Amino acid sequence: MAGVKRLAKEIKALQAKPPDGVSLHTADDARCWLVDIQGAPGTLYAGEQYQLQFVFGEDYPMGAPEVTFVGTVPVHHHIYSNGHICLSLLVSPPRPCL
């Protein structure tokens, strides 16, 4: 229950002051968000728009959310074609994604 209260607070904060290029698309369920992201200016992704799905587990905030691209998936060596993000890059030393 505490996780849901925290998520509700984080949704309000994201709606009130989103980072540049980021907007909350929907969060009908506090544990599942769709977030729109604009490609950063000056990068290969400039002008592109992506949507990410964040699914927060019962162990949030101690456990990380599951984050996947929905719809258009950027071509990147750390992102699988199904939209899943390769998390092995967070392991030290990083393992290559296949």
Side-chain angles (χ1 to χ4, degrees):
M1 185 63 139
V4 173
K5 287 182 181 180
R6 178 177 174 147
L7 287 167
K9 183 178 176 180
E10 291 177 4
I11 287 169
K12 286 182 183 181
L14 181 59
Q15 290 172 323
K17 190 174 181 184
D20 290 341
V22 176
S23 63
L24 183 63
H25 186 84
T26 59
D28 296 333
D29 174 351
R31 293 201 177 274
C32 184
W33 304 2
L34 287 177
V35 176
D36 295 327
I37 301 199
Q38 295 288 325
T43 70
L44 175 67
Y45 306 102
E48 299 290 332
Q49 181 167 328
Y50 301 101
Q51 191 169 76
L52 291 165
Q53 176 179 274
F54 289 73
V55 177
F56 299 87
E58 293 293 326
D59 60 345
Y60 183 80
M62 299 310 289
E66 178 184 307
V67 182
T68 55
F69 282 88
V70 178
T72 303
V73 177
V75 176
H76 190 277
H77 60 277
H78 289 297
I79 302 172
Y80 298 112
S81 61
N82 65 1
H84 289 213
I85 300 168
C86 178
L87 294 181
S88 67
L89 68 128
L90 301 177
V91 178
S92 181
R95 293 175 284 167
C97 292
L98 302 176

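All values below come from the heavy atoms of this structure, side chains included, with hydrogens, waters and symmetry mates left out. Given the structure is predicted, the values throughout are model-derived calculations rather than measurements. One-based numbering along the sequence shown.
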Notebook entry, point to check: How does the hydrophobic cluster around Leu34 look, that is, which other residues are in it when side-chain heavy atoms under 4.5 Å mark a link?
Noted result: Val70

Check: Got a sec, which residues hit side chain to side chain donor-acceptor pair (under 3.5 Å) with Glu10, two or more places apart in sequence or on another chain?
Finding: Arg6, Tyr60

Margin query: Which residues pass the ring pair (Phe, Tyr, Trp, His ring centres under 6.0 Å) test with Phe54, not counting sequence neighbours?
Written below: none

Margin query: Hydrophobic clustering (ILVMFWY, side-chain heavy atoms < 4.5 Å, transitive) - are Val22 and Leu24 grouped together?
Written below: yes

Note to self: Can you pull out every ring pair (Phe, Tyr, Trp, His ring centres under 6.0 Å) where at least one residue sits in residues 3-41? Sequence neighbours excluded, please.
What the structure shows: Trp33-Phe56

Margin query: Starting from Phe69, can I reach Leu44 by hopping between I/L/V/M/F/W/Y residues whose side chains sit under 4.5 Å apart?
Written below: yes

Next item on the list: Could you tell me which non-hydrogen atom of Ser81 sits nearest to which non-hydrogen atom of Val73, and how far apart they are?
Entry: O-CG2, 3.8 Å

Next item on the list: Can you sort out the partners of Asp29 under side chain to side chain donor-acceptor pair (under 3.5 Å), two or more places apart, ordered by chain and number?
Entry: none

Next item on the list: Would you please name every residue forming a ring pair (Phe, Tyr, Trp, His ring centres under 6.0 Å) with His84, sequence neighbours left out?
Entry: none

Check: What is the minimum heavy-atom distance between Ala46 and Pro41, and which atoms define it?
Finding: CB-CA, 4.0 Å

Margin query: Which heavy atom of Arg31 sits nearest to which heavy atom of Gly57, and what is that distance?
Written below: NH1-O, 2.7 Å

Margin query: Below 30° counts as parallel, above 60° as perpendicular, anything between as tilted: where do the rings of Tyr45 and His76 land?
Written below: tilted

Next item on the list: Search all heavy atoms of Ile11 against all heavy atoms of Ala30 and return the closest pair with its distance.
Entry: CD1-CA, 4.1 Å

